[in-house]
Structure formats: structure tokens, C-alpha cells
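Since the structure comes first, as C-alpha cells, the remarks are kept for the end.
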Amino acid sequence: MADRPLPILAPLRWLTSTFRHLTTAFVAYHAHAPFRIRAIAWLGAVSLPLYYFVWVYVFPQPYENMPLRLAGSALCVGLALSPRWPRSLQRFYYPYVYAVLVLVLPTFFTFMLLMNQMSVAWQMSVIVALLFAALLFDTLNTVIAVFLGVGLGILAFVIVHPGAAPTWTQLENVPVLLFTLAAIRILLSFNDRFVAEEKMRAARTLAGHIAHEMRTPLLGIQLDASKARLYMPSLVDALRYARAHGWQGPVLRPAQMDLLGQSMDRIREHATSAGLIVDMLLFNARHDTIDRKGMRPIAIGRVLTTAVERYHFRPGERDKVVVTIAHDFSVLGSEVMLIHVFFNLLKNSLRAVEPYPDGRVDVRVDGAGGQAGRMGSIIIRDTGAGISAELLPDLFTAFRTTSEAGTGSGLGLAFCKLAVESSGGSIFARSPAGQGASFVMTLPMVAPDGPGSADQTNLPPETARPAMASSTGSPAIN
């Protein structure tokens, strides 16, 4: 009974999943065009107080309110100046954007429409406001933002005029407004979907060409490196035989022989790494969801240990990574998929600490309590320079990358988010000024089941171990 999840957890998970979906959709909708929000913010900051004079002196309306307009203008100015926000406030950027758009568009215009007795001028203004809302929100968030904003506008009107309500005749244009909004949003949705599908079709085509052109030569490199490594002892024996029978040419010394063998191993490993990167590109280009049917309970501690052992560290990197299994736990997932998640996050963290001789990457697994239905955490923290505040909100959006131009695909962290969420968890990054960066994953714990479960990993609590180098495996992409 102690391990059975509480009944309330199911609706909470649904709410969490829905909120996560809405958040992801809104962030992705604006991630590739941040200038759009700033342009609208400056437009609102100027037009809100300007139109006070239009409706008071040029085309007089029954009601106007300059303090209310100045408050909305101040909200817009704050949004327009978001690139200059302190680093500690950057994580609130998208919630602030959402709140400002709801308050300045449907809320303000609904309130003013009611206060102006549903005048024609304000009905036209509401149509424009709803058009802006349809342009600035994805489909589902448009519905939520409009209903929320209209509800707040009506509430504000009722507070200002208790008992007042628009007449039935004044509401005759509401169906027209709703139809206009629905039609605009549907057309925009089709356009957004068409653009997204074209982008993914191009990505799939490119990925297919990469796979076709690269897999065969990469396989050939792997096979040739393996054969060369296999035949090297015979080559050394032949050189010794020739030397013994009078040949005066150079002879490979033992140290040179070891270096040559290591070179062959590295060639094979690099070819394997390139092949895995091609596979990752193909997976990200072809999938926006992950099927949960093949998932099973697996121990995070064992998966992490396997990932660290298989990771291809460069010289000096293995000493920078320390893994701590505070309390191991099991999750429902795919071992291969989660290994690639750890590959991505390890590479990002090692890249961040590369310029620092004393740089460090700490990985901590903590499933304190070990009760099924609760959340366990994995934190990967580095002591690098951190992530810039303007990049932090869009970090897990596909095709957005923190790497220099031409050195990253922008798919690695998007894959991490997709993989973690497919297991019912979440992932986010935080980067306090001067304290490096941390990637935090939270995953729902499940009861261990069969080989690889948490109770079979033989990892004692609070076990800190340095990362061990491996002859196989690959860093992932970002």
C-alpha cells in the first residue's frame, strides 16, 4: 500500500502535462522571432496613451481613462526593454509576455468596450485587439488567453459598475467577433502548420542525404581501422624479421607501436561517434513524439553509470566529472534514449568548463524516499561561465543553439526535453550569474521491475565516483 500512488496524483499529472504543453507551444511560437514581441511592445507603449487624445478630442467617446492607459503603456515598456532585464529576472520573461498580452489586449479592450456602451468604434477596436491576440498566440493559447482576458475585462467592469450589464441588443455583434477570431486563428494555424511541415520536410530530406552519403564511408572507416589494428602485430613481426635479415630501414619502437594502435582505436571511435550523430539527426528530424509502448522500469543510477563509462572523453576531461548516486531510483523509460540524454548534457557541461583548468562537472542522482509516484531528480551542474540570460528561455527549442554558427544543430537539448517528457518528467536549466549552469531533470519514480532496477545496481547511497574513460560511446550533439 505504501508504494501505491495517491489518487490525486493522476489529475495533478494531467494538469502538469497540460501546462507544460501550453508553455512549450507558446515558447516555441516566439522562440525564433523574439523581435516580434519587442515590436508589438513598443507599438503598445506609444499607441495606448496616444489614443487617449484620439478618443477624447478627435472622436469623443463616453469613457476614457489615462491612468489605465499609462499603466498598460508601462507594462509594454517593461516588455520592450526585456533584453536589459537583470539576469535574475530573465526566467520570468515568457510569463511576463503572456500576462502583458492578456491584460493589454483582451482584458483592456473588453473593459473599454463595456465602459463605452458597446460603441461601434470600440467594437472595431476589439476586433483589432483579437486579431493581434490571434497573431501573438498559438491556437490553444489563443483560446485560453481570449477567454481569460475577456473574463477579467468583464470582472473589472462589474467591479467598477456593480449590477451593470450590457443589454441583449448590445451583444448582437459578439457572434461576429467570435467568428472573426476563429476564422483568423484557423487560417493562421494552417499557415503555421504548413511552415512547420515544410521545415521538417526539408530537415528530413537533408537528414536522408546525410545518412545515405555518410553511413557507407563511416562504416568503411570503422572496418579499415579495425583491420589495421588487427594486422599491426603481423606488421611488427615482419619489420623485426626484415631487420634480423639485414634490412637497415627504421623500426617501430614499442612506444610508437602503442601510439599507432591508440590512433587506430580513436579513428574507429570517431567514426562510430559520427554515425551516432547521424542517427540523432535522423531521429530529431523524423519525430516530435516518442512512443511509450516499449518503455520499461530502469534504474537511473545504472543508466548514468553506463553513459559515463561509454562516453568518449578527451584527454583530461574524465577527471572533471564526478557522479554522486545519493539515492538511486527507477523510472519508466528507454535506456538507450536516456543514455543519449546524458551524452548531450555531459558534452554541454564539459564544453562549458573547457576553458577553466579547475573546471568541474557534478552529476547527482537523488530519489530520496524511493516511493513510486513521487519525483526523483538528476542534476548536472558545471562551473563554467553559465548561459546568457537571453538564451535561457529558449534553450530547449528545436533549431536554437548556444554554439557558434556552424558548430551546433540546435537539436540536442530539444531531444533531451522530448526524451525526458516522454518518461513523464521535466527538464529545465538555471544559470545564476557567476555560478555556472545546472540542468535539472525530474522524473516520476516507479517500482523496480526485473534486471536493471534500482535495487540491483549495487550502488551504495552517497557514492561519489569520478567519471571513467571508455573506448566506446560518443558525445551527442547540440
Side-chain angles (χ1 to χ4, degrees), residues 87-88 90-91 262 266 269-270 273 276-277 280 300-301 303-326 338-366 377-396 400-417 420 427-442 459 462-478:
R87 189 184 186 93
S88 59
Q90 288 290 338
R91 61 191 177 120
Q262 293 172 12
R266 283 195 297 271
E269 292 162 8
H270 291 323
S273 299
L276 288 173
I277 291 174
M280 290 280 288
I300 283 294
V303 173
L304 176 58
T305 302
T306 301
V308 170
E309 289 174 350
R310 293 181 182 176
Y311 188 89
H312 181 63
F313 291 99
R314 292 184 295 180
E317 285 185 337
R318 68 172 184 246
D319 297 329
K320 295 183 177 182
V321 180
V322 174
V323 176
T324 303
I325 311 293
L338 289 174
I339 284 175
H340 279 292
V341 169
F342 289 131
F343 280 171
N344 274 284
L345 298 178
L346 277 174
K347 181 173 184 180
N348 287 344
S349 296
L350 287 170
R351 182 189 297 159
V353 301
E354 184 178 5
Y356 307 97
D358 57 346
R360 178 185 173 97
V361 177
D362 290 305
V363 186
R364 181 180 178 85
V365 175
D366 193 352
S377 66
I378 308 103
I379 302 176
I380 300 179
R381 180 184 295 109
D382 66 67
T383 58
I387 302 169
S388 61
E390 59 270 18
L391 289 175
L392 204 56
D394 306 326
L395 207 56
F396 296 94
R400 294 276 286 179
T401 176
T402 60
S403 305
E404 296 179 2
T407 62
S409 66
L411 291 173
L413 289 178
F415 169 78
C416 291
K417 180 178 177 66
V420 172
I427 180 172
F428 63 92
R430 56 192 180 200
S431 183
Q435 299 181 35
S438 298
F439 288 88
V440 181
M441 289 177 280
T442 58
L459 294 173
E462 293 296 343
T463 302
R465 60 194 72 188
M468 300 301 294
S470 171
S471 60
T472 60
S474 164
I477 58 176
N478 182 34

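Please read these numbers as outputs of a predicted model, since none were measured by experiment.
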Any idea which heavy atoms bring [X] and [Y] closest together, and the distance?
X	Y	value
Lys320	Tyr356	NZ-O, 3.5 Å
Ile387	Ala429	CD1-CB, 4.5 Å
Arg430	Ile379	NH2-CD1, 4.2 Å
Thr442	Val420	O-CG1, 4.4 Å
Ser431	Gly436	OG-O, 2.9 Å
Gly384	Val353	N-CG1, 3.8 Å

Can you find a heavy atom in the side chain of Val361 that is under 4.5 Å from one in the side chain of Leu350?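 Side chain of Val361 against side chain of Leu350, heavy atoms only: contact under 4.5 Å found.
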Any non-hydrogen side-chain atom of Asp382 less than 4.5 Å from a side-chain atom of Asn348?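 With C-beta onward as the side chain, the pair stays apart.
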Nearest 0.5 Å please: distance from the CD1 atom of Ile378 over to the CD1 atom of Ile427.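 Going from the CD1 atom of Ile378 to the CD1 atom of Ile427 covers 9.0 Å.
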Could you tell me the separation between the CD1 atom of Ile380 and the SG atom of Cys416, rounded to the nearest 0.5 Å?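 Between Ile380 CD1 and Cys416 SG, I get 8.5 Å after rounding to 0.5 Å.
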Should Val323 and Thr305 be marked as a side chain to side chain contact (heavy atoms under 4.5 Å, CB included) after you check the CA-CA gap, both sets of side-chain angles, and the distance that decides it? CA-CA 8 Å; Val323 176; Thr305 302; 5.6 Å; no
Val321 and Phe313: side chain to side chain contact (heavy atoms under 4.5 Å, CB included), yes or no, with the steps? CA-CA 10 Å; Val321 180; Phe313 291 99; 4.0 Å; yes
Only one of Val341, Ile300, Leu338 forms a side-chain contact (heavy atoms from CB on, under 4.5 Å) with Met441, so which one is it?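 By the side-chain contact (heavy atoms from CB on, under 4.5 Å) criterion, Met441 pairs with just one of Val341, Ile300, Leu338: Val341.
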Quick one, Phe439 with Leu395, criterion side chain to side chain contact (heavy atoms under 4.5 Å, CB included). Give me CA distance, side-chain angles, the key distance, then yes/no. CA-CA 11 Å; Phe439 288 88; Leu395 207 56; 3.8 Å; yes
Side chain to side chain contact (heavy atoms under 4.5 Å, CB included) between Lys347 and Glu317, worked out: CA-CA 10 Å; Lys347 181 173 184 180; Glu317 285 185 337; over 6 Å; no
Any ion pair linking Arg360 and Asp362 (charged N to carboxylate O, less than 4.0 Å)?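 Salt bridge present between Asp362 and Arg360.
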